[in-house]
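One structure below.
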Amino acid sequence: MNRSPRLPRVLLCALLLVAAPLVQAADAAVDAITQAVARPDVLRGQFTQEKQVSGFKNPLRSQGQFVVARKHGVIWSTLKPFPSEVVVTADRILSRQRDGSTRVELDARQQPAMRSVNAIMFALMSGDVQALSSQFNVEATREGQGWRLKLTPKSAMLAKAFQSLTLQGDRYVRQVEIIEANQDRTRIQFTALSEVPATLNADEARRFE
């Protein structure tokens with residue numbers, strides 16, 4: 001099965017872990033959220049994902065762990081129901097299967113459209129406010145000690161994939177809900193979030209190579 005078409009959406013979910021502190025605007029609620037959310041160089045945690053596909057009664061469920069490193073990219077490791085791993089860097093997206101095989105799913109040097117996806121991803125990671133605000137409309141609300149951000153795409157390219165992305169959290173993003181253009185819904189819960197150790201270990205660094 002060719003998994004390439006869904007990789008950018010999955011990885012964008014991972015990168016939204018650091019999106020909240022990077023979305024800045026003149027809105028007071030947005031400013032308060034940016035002050036509240038942590039901006040670590042490396043963030044690790046676990047995820048549980050549930051996707052409701054239009055026309056199907058039961059959702060698709062998966063779980064695993066991730067590493068978000070601002071200077072390197074994202075390691076998104078699915079443990080259940082089937083082990084696999086996706087690694088995104090500035091230039092490419094790699095997938096590793098449970099047999100240890102690796103393949104390049106998308107290469108920004110060969111696929112110009114991928115450059116746009118990567119540009120958005122790394123705008124989220126690097127704090128490129130101009131690039132981010134040019135792609136998303138932002139609605140921010142405070143909810144007690146937490147907050148909620150709703151992002152709606154401005155560009156036709158993103159609008160073909162997403163209707164909206166909604167983030168909820170406190171010091172960290174705790175939940176992301178994605179409504180795709182075809183009305184499929186994905187909800188991702190993030191748990192066991194940790195900023196330590198503050199640098200990549202040898203194995204994590206090797207997986208980015």
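With a 4.5 Å cut-off on side-chain heavy atoms, S62 and F82 do not count as touching. By the 4.5 Å heavy-atom criterion applied to side chains, K71 and F208 are not counted as neighbours. In this structure, the side chains of T48 and I188 stay at 4.5 Å or more apart for every pair of heavy atoms. Residues V173 and W147 meet the side-chain proximity criterion, which asks for heavy atoms closer than 4.5 Å.
One distance of note links CG of L167 with CZ of R174; it measures 13.0 Å at 0.5 Å rounding. With rounding to the nearest 0.5 Å, the separation of OG in S194 from CG in L43 is 7.5 Å. With rounding to the nearest 0.5 Å, the separation of CG in N137 from CG in L151 is 9.0 Å. Rounding to the nearest 0.5 angstrom, the gap separating the CD1 atom in I75 from the CZ atom in R44 is 9.0 Å. N201 contributes atom CG, which lies 9.5 Å from atom CZ of R206 (distance to the nearest 0.5 angstrom). To the nearest 0.5 Å, atom CD of residue Q168 and atom CG of residue L149 are 10.0 Å apart.
For the residue pair T199 and E204, the shortest heavy atom distance occurs at O-OE1, 4.4 Å. Minimum heavy-atom separation, F190 to Q175: CD1-N, 4.3 Å. Considering every non-hydrogen atom in both A69 and V42, the closest pair reads CB-CG2, 4.3 Å. Nearest heavy atom pair, residue T152 against residue S164, reads CG2-CB, 4.1 Å. What you find for P153 and F162 is that their closest heavy atoms are CG-O, 3.5 Å.
In this structure, a donor-acceptor pair under 3.5 Å is present between the side chains of D184 and N182.
By the side-chain hydrogen bond (donor to acceptor under 3.5 Å, both in side chains) test, Q65 is found to be paired with no residue, residues two or more places apart in sequence or in another chain being considered. Annotation: side-chain hydrogen bond (donor to acceptor under 3.5 Å, both in side chains) contacts of Q63 (sequence neighbours excluded): none. Looking at residues two or more places apart in sequence or on another chain, you find no side-chain contact (heavy atoms from CB on, under 4.5 Å) involving N58. With sequence neighbours left out, the side-chain hydrogen bond (donor to acceptor under 3.5 Å, both in side chains) criterion links E50 to R61. Checked against side-chain hydrogen bond (donor to acceptor under 3.5 Å, both in side chains), D41 has no partners two or more places apart in sequence or in another chain. Under the rule for a side-chain contact (heavy atoms from CB on, under 4.5 Å), the partners of T141 that lie at least two apart in sequence or sit in another chain are E143, R148. Every residue two or more places apart in sequence or in another chain was checked for a salt bridge (Lys or Arg N to Asp or Glu O under 4.0 Å) with R142, and none qualifies. Partners of E139 according to the side-chain contact (heavy atoms from CB on, under 4.5 Å) rule, which considers only residues two or more places apart in sequence or in another chain, are K150.
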Walk me through whether L193 and F66 qualify under side chain to side chain contact (heavy atoms under 4.5 Å, CB included). CA-CA 10 Å; L193 301 176; F66 64 87; 3.5 Å; yes
Would Q49 and L60 count as a side chain to side chain contact (heavy atoms under 4.5 Å, CB included) here? Give the steps. CA-CA 8 Å; Q49 178 174 298; L60 304 174; over 6 Å; no
Could you walk me through whether Q163 and Q183 pass the side chain to side chain contact (heavy atoms under 4.5 Å, CB included) check? CA-CA 8 Å; Q163 183 180 115; Q183 298 301 310; 2.7 Å; yes
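In terms of modelled atom types and a separation under 3.5 Å, the side chain of R207 and the main chain of E85 share no donor-acceptor contact. Side chain of W76 to main chain of V87: no donor-acceptor pair is present (N/O by atom type, distance under 3.5 Å, no hydrogens or angles).
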